[in-house]
Colleague: 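One structure, as structure tokens, below. Some questions next.
Every chain is numbered from 1, with letters handed out A, B, ... down the list of sequences. Here the structure is a predicted model, which means the values were calculated and not measured.
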Number of protein chains: 2
Amino acid sequence: MDARSDDEIRADLSYLFDKASQALAARMGTVLGELGMTVRDYCVLAKAGAHELTQGELAEMALLDKTTMVVTCDHLEKAGLAQRTPSPADRRVRIVRTTEAGDEAVAKARDVIDDLYGEVLGVLTPEQRTVLLDALMKLVTHGGPLSAVEPNPHAPRRKRGA
Amino acid sequence: MDARSDDEIRADLSYLFDKASQALAARMGTVLGELGMTVRDYCVLAKAGAHELTQGELAEMALLDKTTMVVTCDHLEKAGLAQRTPSPADRRVRIVRTTEAGDEAVAKARDVIDDLYGEVLGVLTPEQRTVLLDALMKLVTHGGPLSAVEPNPHAPRRKRGA
DNA sequence: TATTGTTATACTCTATAACTATA
DNA sequence: TATAGTTATAGAGTATAACAATA
């Protein structure tokens with residue numbers, strides 16, 4: 001939803017970010033799809049492997065709604081990549097653990113993503129790579145002009161104070 | 001849907017692009033919302049002003065589906081920013097023209113977007129700005145590794161050959 | 001009473017399909 | 001028959017609301 005005519009593209013930051021984001025997400029979706037995963041599956045699975053995290057903790061880390069997390073976990077379990085087990089300490093919460101297949105899948109996913117990133121960044125000079133990543137970090141991290149996800153007051157879909 | 005743990009962020013291109021894209025889109029949505037426009041409205045309106053374009057031509061330029069274009073035009077007309085008039089040459093097609101209010105709105109929108117871009121890019125050094133934009137262009141434009149929107153074969157929602 | 005996870009559901013967005021009118 | 005625009009609708013994604021079990 002954001003294309004400008006060619007003569008406008010040159011200066012259009014929004015177009016450049018959108019295109020880069022969408023195209024890279026599409027390519028990640030393709031290579032991860034070949035491993036039976038979505039990008040979101042991978043984000044959750046990669047975090048779940050390392051620590052003993054509950055669904056809620058994982059949801060917070062991945063910036064997912066808890067109901068979206070349920071769907072994601074359902075999918076990961078059905079695919080045999082993760083398992084939910086009730087915590088003995090608090091029987092309300094469920095720990096998400098990767099299976100062996102899940103760990104292998106994460107490892108493979110890391111490889112294909114590394115390859116992809118290498119291919120993408122490979123068209124840049126080393127100096128361009130460094131400056132690009134530094135600049136993006138500066139914009140995006142805490143305090144930068146693209147850090148706070150200030151909610152658009154005119155946006156739809158917000159029923160209560162939440 | 002794409003947050004990594006902090007120690008992973010450093011190298012995560014996908015996270016950086018997504019965050020930058022989403023945050024900038026949110027900020028554009030906010031400032032354009034104050035003018036009664038969505039980002040998509042602006043994209044269409046800015047193109048409609050210049051030339052005598054039909055809905056279909058505008059849809060193609062803005063990479064919108066023609067049915068989405070109908071909704072957008074409905075909104076622009078209701079807001080008094082654009083008007084559709086049947087072409088005398090071909091009575092099937094409708095020319096989309098900006099109203100005076102629409103031209104003013106585009107001008108104001110250009111201003112607030114310029115201000116916003118200035119604020120965002122202002123945190124970078126001139127050299128960083130140049131390299132960032134050059135590098136993004138290199139990735140995104142024709143032939144770059146993020147140019148083709150290769151459809152993900154595992155993605156949902158595709159019924160026929162179209 | 002508060003909290004974790006689940007289910008049900010509603011809302012938005014976008015795109016396909018079918019339709020009207022012109023060509 | 002093909003094309004521009006419209007309408008209707010279905011699909012996917014996500015978030016709110018209500019609920020069950022547990023604390």
Colleague: Side chains of B/Asp12 and B/Ser14: is there a donor and an acceptor less than 3.5 Å apart?
Modeller: no
Colleague: Taking salt bridge (charged side-chain N to carboxylate O under 4.0 Å, His left out) as the test, write out the residues that go with A/Asp74, two or more places apart.
Modeller: A/Arg84
Colleague: In whole angstroms, how far is the C1' atom of D/dG5 from the CD atom of B/Glu60?
Modeller: 15 Å
Colleague: Which residues, if any, of residues 74-86 of chain B bring a heavy atom under 4.0 Å of DNA chain C?
Modeller: none
Colleague: Counting distance only, does the side-chain N/O of A/Glu57 pair as donor-acceptor with the main-chain N or O of A/Thr54 below 3.5 Å?
Modeller: yes
Colleague: If we ignore hydrogens and angles and just use 3.5 Å, is the side chain of B/Thr30 paired with the main-chain N or O of B/Ala26 as donor and acceptor?
Modeller: yes
Colleague: Measure CG/B/Asp65 against P/D/dA10 and give the value in whole Å, please.
Modeller: 17 Å
Colleague: Is a donor on one side and an acceptor on the other found under 3.5 Å between the side chain of A/Glu104 and the backbone of A/Ala101?
Modeller: no
Colleague: Set out, line by line, the N/O atom pairs under 3.5 Å between protein and nucleotides 19-23 of chain C.
Modeller:
from, atom 1, to, atom 2, distance (Å)
C/dA23, OP1, B/Arg91, N, 3.0

Colleague: Any chance you could measure A/Arg94, atom CZ, to A/Gln83, atom CD, to the nearest 0.5 Å?
Modeller: 10.5 Å
Colleague: Using a heavy-atom cut-off of under 4.0 Å over every strand shown, decide if B/Val93 touches base, sugar-phosphate, or nothing.
Modeller: sugar-phosphate
Colleague: Sequence neighbours left out, what pairs pass salt bridge (Lys or Arg N to Asp or Glu O under 4.0 Å) with at least one residue falling in residues 116-131 of chain B?
Modeller: B/Arg27-B/Glu119
Colleague: Have a look at the helix from C/dT1-D/dA23 to C/dA23-D/dT1 and give the angle its two end axes make, five pairs each, rounded to 10 degrees.
Modeller: 20°
Colleague: Return the value, rounded to whole Å, for the distance between atom CG of A/Leu64 and atom C1' of D/dA15.
Modeller: 12 Å
Colleague: Is the backbone N or O of B/Gly80 less than 3.5 Å from a side-chain atom of B/Thr99, with the two atoms forming a donor-acceptor pair by type?
Modeller: yes
Colleague: For the CG atom of A/Leu81 and the OH atom of A/Tyr42, what is their distance to the nearest 0.5 Å?
Modeller: 13.0 Å
Colleague: In whole Å, I'd like the distance from the CZ atom of B/Arg40 to the C1' atom of C/dA15.
Modeller: 12 Å
Colleague: Given D/dA15, is OP1 or OP2 found less than 4.0 Å from the side-chain N or O atoms of A/Thr68?
Modeller: yes
Colleague: Does A/Glu52 have any salt bridge (charged side-chain N to carboxylate O under 4.0 Å, His left out) partners at least two apart in sequence or in another chain, and if so, which?
Modeller: A/Arg97
Colleague: Does B/Asp41 reach the main-chain N or O of B/Thr38 with its side chain, forming a donor-acceptor pair under 3.5 Å?
Modeller: yes
Colleague: Measure CG/A/Leu53 against C1'/C/dT4 and give the value in whole Å, please.
Modeller: 15 Å
